[in-house]
Amino acid sequence: MSLPNINPTTTKSWKALQSHFESIKDLKMKDMFAQDPNRANAFTIKWEDFYVDFSKNRITEETFELLLDLAEDVRLKEAINSYYAGEAINQTENRAVLHTALRSKETDKVFVDGENVIPEIYEVKAKIKDFTNQVVNGVRKGYTGKPFTDVVNIGIGGSDLGPAMVVDSLQYYKNHLTTHFVSNVDGDHVNEIIGRLDPETTLFVIVSKTFTTIETLSNANTIRSWFLEHTTKEDIAKHFVAVSTNVEKVKEFGIDEANIFPMWNWVGGRFSLWSAVGLTISLGIGYSNFESLLNGANKMDVHFKNAPLESNIPVVLALISIWYNNFFKSESEAIIAYSQYLNQFATYLQQGAMESNGKSIDRNGDVVNYETGTLIWGEPGTNAQHAFFQLIHQGTKLIPADFIGFATSLYGNQDHHDKLTSNYLAQTEALLNGKAQDEVHKELKNQNLSEKDIQALLPFKTFAGNKPTNSIFINKLTPESLGKLIAMYEHKIFVQGIVWNIFSYDQFGVELGKQLATTILGELDINTIANHDASTQNLLEFYKQLR
Ligand code: F6P
């Protein structure tokens, strides 16, 4: 079985959306709200502790129905079933895509090549739990008999971004262990971190699905050399553990087999935080919080699998995103979380969305004749308001934005939280309504400006409005609600890939640069230089002279 293979632009619904777009593209959301008192309710999905209001979008009832027709036309439901059933939907790598299985219930059954993988998953979870408890409770000790105080996660891409984002987002739930993340091959990065560590009390978690990633291996080797300056080879077993599918390579590195946490090739790197790749999360916030994160994701998985398309949160968000990307020709989407804790959330999502859907070849092997993957970016509000909101409000580009907020703060400082939330709500309102010339006129007149000065200022102070936003309101930031939120975006990415008829689970686009870097690295100490373009050649010579 493989995924449906349908060019979305050939469907009846796509064609209908195209002509519908022409007739509604200039409509003002403000007017739609005025005409339909039920609009906000009709375009809101309430699910568990999530309140998702998508009414501030440039859609009508008809747009919504046509988008749902599009989902039917590309046979989305069938694709969702293939995804959950463990079919090899990562066709170009001949693999299943089963991060959902990692958060399944113990009683569930998920088959890969005829074998139920749930028992294996639960064995690894038990190992994560056991190891976490031993480290957190100080039962497991370093080479001088002291309990661990610090954990260093060494990995990059999916082996870094997910764990780093979750630990940072859930820092309120952290225990006494200090966590660090070494990712970049930039030696200054690893040296900065080493400078903060005591070898006697630091645990190193090397995370690499393939265990061939140059950045991770370079950092791991540098750290091991530093560690061996203080210790002996025998002590490595106490301080280094690895998460990988490549057991042989890990053993070659010198890690004890008992300290290897397995993962599987049916878990993509950027969707792997739910596996042992999340070991640093479990260590940093404790196993029961890690489990709550997984439970939250599982609840979203069940919702995504079973909810009708029109009240299915990831489906609706994906279709709206496609509406802007393919009809309004928006190029990017902003993620604005009104929580400083979610500081790394947009960065994390960049890999999830852009490594998955940054593709231009369809599932037939042909070049697509429509736009795919959106650019994802963002910063937490209110900081973002003081940085780039000017462009969203008054620039020339249409930038749909997801606003994420929490109804309660964690420390309970109501004064701050009210200010934060007022800004969240006010910004979506301002983006919707804008500010008309007559309003600006009135305001300036009240400030006693002359008519001449008012006329001169009027265009600059006017806001066109009609800027789309989704408001995602969640009761509270907890491990469980974060799990739901991450899974929501994972499934949104899946739906987009299905509609765009691309393969979302390979990442061949990251290979070419890696290969060329290896060639260039080999040329640094020799005189002959391969056939580079003149620009690269000059830059290489410049570097060779100065290094
Ligand atoms: O950047 C490409 C990539 O393959 C990502 O998909 C992955 O998350 C990352 O490299 C790290 O790979 P590994 O876990 O094998 O070291």
Side-chain angles (χ1 to χ4, degrees), residues 89-99 102 124 128 152-167 181-186 189-190 204-224 240-253 255 259-281 344-359 373 375-376 486 489-490 493-494 497 502-518 521:
I89 64 163
N90 176 0
Q91 220 168 292
T92 46
E93 295 181 320
N94 193 26
R95 289 173 187 170
V97 177
L98 276 178
H99 43 278
L102 298 168
V124 177
I128 297 172
V152 181
N153 190 92
I154 308 165
I156 196 164
S159 299
D160 163 71
L161 290 164
M165 179 278 287
V166 173
V167 169
F181 290 85
V182 180
S183 52
N184 200 321
V185 76
D186 181 349
H189 181 34
V190 64
F204 299 96
V205 183
I206 308 174
V207 188
S208 178
K209 185 176 161 185
T210 54
F211 223 77
T212 56
T213 305
I214 192 160
E215 289 91 337
T216 303
L217 292 185
S218 302
N219 284 325
N221 281 320
T222 299
I223 286 176
R224 183 177 59 176
F240 285 77
V241 300
V243 181
S244 186
T245 53
N246 196 342
V247 174
E248 282 319 303
K249 284 259 177 219
V250 179
K251 286 205 286 193
E252 262 171 46
F253 183 87
I255 290 182
N259 291 340
I260 304 175
F261 292 78
M263 62 179 297
W264 305 273
N265 68 13
W266 37 260
V267 181
R270 52 194 174 275
F271 303 101
S272 64
L273 68 91
W274 323 96
S275 69
V277 168
L279 184 61
T280 304
I281 303 173
Q344 294 189 39
F345 195 66
T347 312
Y348 160 76
L349 271 190
Q350 280 176 336
Q351 190 200 16
M354 291 157 79
E355 201 167 86
S356 299
N357 288 336
K359 312 283 166 65
L375 297 159
I376 302 290
I486 300 169
Y489 280 107
E490 287 180 344
I493 291 165
F494 170 85
I502 52 177
F503 287 120
S504 300
Y505 297 99
D506 58 24
Q507 55 285 318
F508 299 121
V510 298
E511 294 306 323
L512 178 60
K514 281 194 210 169
Q515 275 168 16
L516 296 189
T518 310
L521 185 63

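First listed ligand is number 1; within each ligand, the first listed atom is number 1.
At least one heavy atom of Gln351 sits under 4.0 Å from some atom of ligand 1.
The number of heavy-atom neighbours closer than 6.0 Å to CD1 of Ile214, taken from other residues, nucleotides and ligands shown, is 12 or below.
Against a heavy-atom cut-off of under 4.0 Å, Gly157 is close to the following atoms of ligand 1: 8 (O). Under a 4.0 Å criterion applied to the non-hydrogen atoms of Thr210, ligand 1 contributes the atoms 13 (P), 15 (O), 16 (O). If you number the atoms of ligand 1 from 1 as listed, the ones under 4.0 Å from a heavy atom of Ile156 come out as 9 (C), 11 (C). Interface atoms of ligand 1 facing Thr213, defined by a heavy-atom separation under 4.0 Å, are 12 (O), 13 (P), 15 (O), 16 (O). Atoms of ligand 1 found under 4.0 Å from any heavy atom of Gly158 (numbered from 1 in listed order, with element): 7 (C), 8 (O).
With contacts defined as side-chain heavy-atom distances shorter than 4.5 Å, the pair Leu217/Ser208 does not qualify.
By the definition of a contact as any protein heavy atom under 4.0 Å away, atom 12 (O) of ligand 1 is in contact.
Closest to atom 6 (O) of ligand 1 among all protein heavy atoms lies Glu355 OE1, 2.6 Å. From the protein, the heavy atom lying nearest to atom 4 (O) of ligand 1 is Gln507 CG, 4.2 Å. Val510 CG2, 3.4 Å is the protein heavy atom nearest to atom 2 (C) of ligand 1.
Taking the six-membered ring where tryptophan is involved, the planes of Tyr348 and Phe345 are tilted, since the angle between them lies from 30° to 60°. Classification of the His99-Phe271 ring pair by plane angle, with boundaries at 30° and 60°, yields parallel.
With sequence neighbours excluded, no residue satisfies salt bridge (charged side-chain N to carboxylate O under 4.0 Å, His left out) with Glu252.
Asn357 and Ser504 share a donor-acceptor pair across their side chains, judged by distance under 3.5 Å alone.
In terms of polar-atom proximity, defined here as any N/O pair under 3.5 Å, Thr216 makes no such contact with ligand 1.
Of the listed residues (Thr245, Val243, Thr216), just one forms a side-chain contact (heavy atoms from CB on, under 4.5 Å) with Lys209, and that residue is Thr245.
Judged by the 6.0 Å and 45° rule, Arg224 forms a cation-pi pair with Phe253.
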